[in-house]
Protein chains: 2
Amino acid sequence: MARATGKSEAVYERLKGDIESLRLRPGAKLGEVQLGEELGASRTPVREAIRRLAGEGLVDFVPGEVARVAAISLGGVRALFEFRMLLEPRAAASVATVGAADERTLVPFRELLVRLEVFDESFRALDSSAQAGSYQEFYGITEAFDQAVIAACRNPYLARTIRDLRSQTVRLRHLSHSGPRRMLTSLEEHRAMLKAVTHGDAQAAEAACRHHLAQTLQALIDSLTGLDPTLGTDVSLDVAG
Amino acid sequence: MARATGKSEAVYERLKGDIESLRLRPGAKLGEVQLGEELGASRTPVREAIRRLAGEGLVDFVPGEVARVAAISLGGVRALFEFRMLLEPRAAASVATVGAADERTLVPFRELLVRLEVFDESFRALDSSAQAGSYQEFYGITEAFDQAVIAACRNPYLARTIRDLRSQTVRLRHLSHSGPRRMLTSLEEHRAMLKAVTHGDAQAAEAACRHHLAQTLQALIDSLTGLDPTLGTDVSLDVAG
DNA sequence: CGCCCGTAAGCTGTATACAGAAAAGTGTGC
DNA sequence: GCACACTTTTCTGTATACAGCTTACGGGCG
């Protein structure tokens with residue numbers, strides 16, 4: 001068929017969204033027949049989508065068994081952030097370096113910096129109940145930042161790996177909304193990253209990104225251990241900030 | 001069916017081998033029907049295998065079009081090695097650190113060091129025609145080293161990403177067998193990496209790995225530009241040794 | 001009361017059928 | 001002789017059918 005909206009792609013996007021948003025809980029069974037009926041597709045596109053999601057680590061898949069939404073463990077979260085801390089600071093530095101030589105690549109980052117400043121000002125003017133409604137815009141900015149880094153990244157392997165990891169990060173965010181205090185510090189961290197990048201300061205960009213990831217991981221851990229103290233630990237590789 | 005030998009898996013392994021060994025040349029068409037007939041399978045397992053290989057970068061895949069064996073470009077090779085240089089030195093350092101605390105993880109590395117010394121001695125005793133026949137054992141050692149690093153790597157994301165990249169590296173090796181001179185320097189580089197790891201010296205392991213990758217890339221570039229000067233360039237991210 | 005085993009239902013792996021989109025080949029017009 | 005348009009073929013995307021493995025449930029035994 002290969003219709004304009006490709007059914008396999010549609011199922012993939014739908015499933016990905018449902019997993020990221022936790023509408024599908026970790027460990028939930030992903031039966032091919034059942035999902036096909038729910039999404040109005042046959043098994044073939046569903047199968048394909050499940051394999052793709054397994055490749056991104058959003059689905060636990062063992063041949064012959066029912067696929068399940070990937071479990072979340074404290075160790076897994078640590079490993080994820082340790083890995084991100086290896087990739088993303090380097091990507092940020094690379095973007096800053098490239099931007100220093102080619103102004104055009106910095107345009108989206110300058111726009112984001114403006115958008116962030118506008119948001120910051122309006123946010124501080126709100127009372128706490130109204131602030132809650134601002135999460136959307138804030139997450140929009142952080143998402144756009146990550147996307148901009150990926151788009152500006154010249155190394156396709158690095159770009160792709162970072163992109164594939166985003167889904168998992170998004171899901172973790174949905175698992176534990178941090179309070180407005182963390183949001184403000186995160187905003188500050190993004191300001192630092194944006195300024196470093198737009199100034200073409202690779203070293204500062206790298207440091208700011210490392211700091212941001214370390215802070216985010218810490219907030220996540222606090223939030224998770226509060227939610228469920230029985231998650232489990234292990235996994236190595238240093239997590240220096 | 002889900003027979004012990006899983007047909008999808010078999011097709012995947014076969015295709016992967018054929019692509020790595022260049023029996024299937026870059027750009028070769030991978031028609032699902034044709035491959036199915038050749039490998040004695042229906043389209044379904046073939047499709048699955050092709051998607052997996054596309055995920056590993058061994059196949060260029062555009063929905064609706066015929067899948068093709070991934071092209072090779074000088075820029076792509078550079079990007080691959082830049083990315084490996086970000087991951088593997090870190091993994092080597094991590095393995096050295098872990099090994100310093102837990103002797104058991106070093107066992108395979110000690111064994112490899114012995115195997116390498118034995119090979120080195122016997123290799124130097126051969127005349128140049130007989131040396132050519134030793135490539136197999138040498139590549140076996142380097143392969144085993146990479147596998148050991150992956151196995152010892154505590155971070156599953158890092159381990160998996162390095163593993164997925166190996167196929168491409170193997171293919172490049174088949175594309176351009178370097179001469180015995182490069183083999184000897186590569187052997188020396190592996191000795192350095194093994195010694196650093198078994199001594200628990202993370203910094204030395206990282207440096208040795210970076211050096212090895214830089215040297216390998218250089219040898220590859222020399223070999224490739226000699227083979228086909230019309231490959232194309234571009235791609236950034238520094239390749240410091 | 002708990003454990004084990006057998007049966008049955010459900011699910012995945014694979015093969016195949018059908019519809020529509022690429023792609024290749026062919027013939028025509030310039 | 002070359003470019004373009006059309007026809008035909010081939011391929012992919014999707015749906016569905018069948019076989020064997022997994023798993024869940026229920027009954028019997030210790």
Side-chain angles (χ1 to χ4, degrees), chain A residues 1-19 23-71 160 164, chain B residues 1-19 23-71 160 164:
Chain A
M1 200 200 260
R3 210 170 54 230
T5 56
K7 212 149 199 177
S8 180
E9 184 75 15
V11 172
Y12 166 78
E13 291 293 348
R14 168 67 182 274
L15 273 181
K16 182 168 145 179
D18 282 356
I19 295 176
R23 273 192 24 146
L24 285 171
R25 296 259 153 198
K29 287 201 262 195
L30 297 175
E32 295 172 4
V33 181
Q34 180 195 344
L35 282 176
E37 287 171 0
E38 287 178 24
L39 305 181
S42 79
R43 284 180 58 203
T44 313
V46 174
R47 266 176 90 78
E48 208 155 301
I50 286 178
R51 307 305 162 88
R52 274 179 73 182
L53 291 166
E56 294 176 24
L58 245 47
V59 165
D60 286 340
F61 172 72
V62 179
E65 295 181 15
V66 194
R68 290 171 177 278
V69 177
R160 191 195 149 153
D164 283 353
Chain B
M1 199 200 259
R3 207 167 61 229
T5 55
K7 213 150 199 177
S8 180
E9 184 75 15
V11 173
Y12 166 78
E13 292 293 349
R14 168 68 183 274
L15 273 180
K16 183 168 143 179
D18 283 355
I19 296 176
R23 272 192 26 143
L24 285 170
R25 295 259 154 198
K29 288 202 264 193
L30 298 174
E32 294 172 4
V33 181
Q34 181 196 343
L35 282 176
E37 286 171 1
E38 287 178 23
L39 305 181
S42 76
R43 284 181 58 204
T44 313
V46 175
R47 269 176 87 78
E48 209 156 299
I50 286 178
R51 306 305 161 82
R52 274 178 75 182
L53 291 166
E56 292 176 25
L58 244 49
V59 165
D60 286 340
F61 170 71
V62 179
E65 296 180 15
V66 194
R68 291 171 176 278
V69 177
R160 192 198 147 152
D164 283 354

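Labels below follow one simple rule: chain letters A, B, ... track the order of the sequence lines, proteins then strands, and each chain is numbered from 1. Below, all heavy atoms of this structure are taken into account, side chains as well, without hydrogens, waters or symmetry copies.
At whole-Å resolution of the value, CZ in A/Arg68 and P in C/dC11 are 12 Å apart. As a whole-Å value, the separation of A/Glu65 CD from D/dT22 C1' is 8 Å. A/Lys7 places its NZ atom 8 Å from the P atom of D/dT14, with the value rounded to the nearest Å.
Residues B/Gly57 and B/Ala70 share a closest heavy-atom pair of O-CB, 3.4 Å. Contact record, B/Arg14 with B/Leu39: NH1-CD2, 3.5 Å, taken as the closest heavy-atom pair. For the residue pair B/Ala49 and B/Ser8, the shortest heavy atom distance occurs at CB-O, 4.3 Å. The shortest non-hydrogen separation linking B/Ala41 to B/Pro45 is CB-CG, 4.4 Å.
Listed in residue order, the members of residues 46-62 of chain B having a heavy atom less than 4.0 Å from DNA chain D are B/Arg47, B/Arg51. Of all the residues in residues 23-45 of chain B, B/Leu30, B/Gly31, B/Glu32, B/Val33, B/Arg43 reach under 4.0 Å from DNA chain D with at least one non-hydrogen atom.
Screening A/Leu15, A/Leu58, A/Val59 for a side chain to side chain contact (heavy atoms under 4.5 Å, CB included) with A/Leu24, the sole residue that qualifies is A/Leu15.
Distance check, rounded to the nearest 0.5 Å: NZ of A/Lys29 to CD of A/Gln34 gives 8.5 Å.
Using a 4.0 Å cut-off between charged side-chain N and carboxylate O, B/Glu13 and B/Arg52 make no salt bridge.
Here the side chain of B/Lys7 pairs a donor or acceptor atom with the backbone of B/Gly40 at under 3.5 angstrom.
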